Amino acid sequence: MSSRPPASGGTVPADIRFVADSDDPRLLHLVVDRVVQATIDLDDPSHLDAEYMQRMSYLVDAMAPPKRPLRVLHLGAGALAMARYVAATRPGSYQQAVETSPELVALVRAEAPLPKRVKVKIRYTDAREALEAAPEGSYELIVTDVYDRARMPAHVTTVEFLGHARRVLEPGGHYAVNLCDGGRMRFLKPALAAMGAVWEHVAVMAEPAVLRGRRFGNVVAVAADVELPVDVLRRRCAGAPFPCRVVEGAELDEYIGGAVPAADGSAMASPPPPASLRSF
């Protein structure tokens with residue numbers, strides 16, 4: 001296991017494309033290796049179809065008064081679904097996205113271009129390198145959604161990586177990450193332990209079956225040095241079309257148990273999704 005594996009997403013897999021939703025032609029799915037990586041609504045950028053992105057949006061909505069612009073760093077551009085959401089709900093936000101694949105960005109610009117009012121600066125570099133080079137206290141929110149062929153690279157989960165993220169956040173800033181795992185949670189728990197080693201407050205939003213390892217799925221984890229809006233997150237998660245739980249505090253500590261925080265030199269990438277999730 002390398003402390004600095006090759007930059008994630010450095011080459012575009014052969015099977016990468018946009019697929020129109022069979023039930024709603026407004027929706028476009030970004031599919032990589034037959035797995036949906038992101039979904040965007042061409043008519044309404046505030047509509048997030050993916051459940052994990054909806055959960056991330058709950059933090060975006062709660063961390064500042066409505067419509068107040070934010071300074072956001074997106075690690076992993078994808079289809080820029082979350083950047084579109086921030087621009088739609090918080091006009092005037094300053095946003096930068098980090099992506100290693102110019103080909104992926106070219107595909108997005110050609111087949112799912114950003115609305116004219118959405119401004120996102122894109123840097124072509126590795127997420128870790130971008131954080132290390134970023135000025136201290138330059139963002140209010142960092143969103144990490146970095147995947148290479150449907151797996152999250154180890155080097156964006158470690159204590160060292162998260163330490164850079166904390167340095168780049170302004171005081172009171174928030175961090176959000178899309179993690180995925182299943183089974184024994186040998187990837188998820190060390191990643192969460194690393195977040196707990198860096199930030200005072202950590203919470204996760206996920207379905208109980210995923211947290212118990214009974215099925216593979218996404219877990220959204222959020223962190224900050226200030227109190228998280230846990231009550232708001234719980235209400236939003238409970239009222240979602242697909243409800244999920246919010247776990248934090250002593251309950252989260254018990255869940256993580258004795259997992260050793262992910263660190264450079266020992267961290268592992270997330271497991272690949274099962275064949276049953278490769279639907280395209």
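All values below were derived from every heavy atom in this structure, side-chain atoms included, with hydrogens, water molecules and symmetry-related copies excluded. Small disclaimer: the values here were computed from a predicted structure and weren't measured.
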Report yes or no: do Y52 and Q54 form a side-chain donor-acceptor pair below 3.5 Å? no

Intermediate values then yes/no, side-chain contact (heavy atoms from CB on, under 4.5 Å), R236 and V232: CA-CA 6 Å; R236 296 290 300 274; V232 175; 4.2 Å; yes

Is there a side-chain contact (heavy atoms from CB on, under 4.5 Å) between D145 and Y147? Walk through the geometry before answering. CA-CA 7 Å; D145 194 6; Y147 281 79; 3.4 Å; yes

If hydrophobic clusters are built by linking Ile, Leu, Val, Met, Phe, Trp and Tyr wherever their side-chain heavy atoms come under 4.5 Å apart, do L80 and V31 end up in the same one? no

Do V220 and Y255 sit in the same hydrophobic cluster, where Ile, Leu, Val, Met, Phe, Trp and Tyr count as joined when their side-chain heavy atoms come under 4.5 Å apart? no

Does R166 come within less than 4.0 Å of E136, counting only side-chain N to carboxylate O? no

Side-chain ion pair, D264 and R128, N-O less than 4.0 Å: yes

Can you list the steps and then say if T144 with H74 is a side-chain contact (heavy atoms from CB on, under 4.5 Å)? CA-CA 6 Å; T144 298; H74 302 267; over 6 Å; no

Before accepting this row, confirm whether a basic side-chain N of the pair R215/E207 lies closer than 4.0 Å to the acidic partner's carboxylate O. yes

Give me the atom names and distance for the closest heavy-atom approach of D21 to D23. OD1-N, 2.8 Å

Taking the side chain from S93 and the backbone from L70, do they hold a donor-acceptor pair closer than 3.5 Å? yes

Pairwise side-chain contact, V72 with E140, heavy-atom cut-off 4.5 Å (strictly under): no

Take V219 and V177 through the side-chain contact (heavy atoms from CB on, under 4.5 Å) test and state the conclusion after the steps. CA-CA 8 Å; V219 174; V177 59; over 6 Å; no

Closest contact, heavy atoms only, P261 versus A197: CG-CB, 4.5 Å

Hey, are the side chains of L179 and N218 touching, using non-hydrogen atoms and a 4.5 Å cut-off? no

Co-membership, hydrophobic cluster, residues M53 and L114, 4.5 Å side-chain: no

Are V246 and V210 connected in the hydrophobic side-chain network, where two residues link if heavy atoms are under 4.5 Å apart? no

Are more than 12 heavy atoms, taken from residues, nucleotides or ligands other than R68, located less than 6.0 Å from that residue's CZ atom? yes

For the atom pair CG (L104) and CG (L30), what is the distance rounded to the nearest 0.5 Å? 6.0 Å

Can you measure from CD (E160) to CG (L131) and round to the nearest 0.5 angstrom? 13.0 Å

Heavy-atom check, side chain of V204 versus side chain of R245, under 4.5 Å: no

Gap between atom CZ of F187 and atom CG of D181 - 0.5 Å precision: 7.0 Å

Test item: N178 and M152 side chains (from C-beta on) under 4.5 Å apart, heavy atoms: no

Hey, could you give me the CG/CG distance between L211 and L188, rounded to the nearest 0.5 Å? 7.0 Å

Do M56 and M82 come within less than 4.5 Å of each other through their side chains, counting heavy atoms only? yes

Shared hydrophobic cluster, L228 / V226 (ILVMFWY, side-chain heavy atoms < 4.5 Å): no

Under 3.5 Å, is there a donor-acceptor pair between the T100 and D126 side chains? no

Determine the interplanar angle of the W199 and Y175 rings, folded into 0 to 90°, and report it as parallel if under 30°, tilted if 30 to 60°, perpendicular if over 60°. parallel

Would E248 and R234 count as a salt bridge (charged side-chain N to carboxylate O under 4.0 Å, His left out) here? Give the steps. CA-CA 11 Å; E248 51 94 31; R234 282 202 171 101; 3.6 Å; yes

For S270 versus R151, what's the shortest heavy-atom pair and its separation? O-NE, 2.6 Å

Mind checking whether R167 and L162 have side chains closer than 4.5 Å, heavy atoms only? no

Please answer whether the main-chain N or O of V60 pairs with a side-chain N or O of S57 as donor and acceptor at a distance below 3.5 Å. no

Are K67 and R90 side-chain neighbours, meaning at least one heavy-atom pair lies under 4.5 Å? no

Heavy-atom side-chain proximity of L75 to V143 below 4.5 angstrom: no

Check V247, L252, D253 against V202 for a side-chain contact (heavy atoms from CB on, under 4.5 Å) and give me the one that passes. L252

Looking at R84 and P115, what are the two nearest heavy atoms and their distance? NH1-CD, 4.1 Å

Nearest 0.5 Å, what's the CZ-CG distance between R55 and L233? 12.0 Å

Quick one about D61 and Y85 (side-chain donor to acceptor, distance below 3.5 Å, no hydrogens or angles considered), yes or no? yes

Between E170 and R71, is there a salt bridge with N-O shorter than 4.0 Å? yes

Indicate the atoms forming the closest heavy-atom contact of P273 with A150, along with that distance. CD-O, 3.6 Å

Which pair of non-hydrogen atoms, one from A81 and one from T39, has the smallest distance, and what is that distance? CB-O, 3.9 Å

In this structure, CG of D225 is separated from NE2 of H201 (nearest 0.5 Å) by 7.5 Å

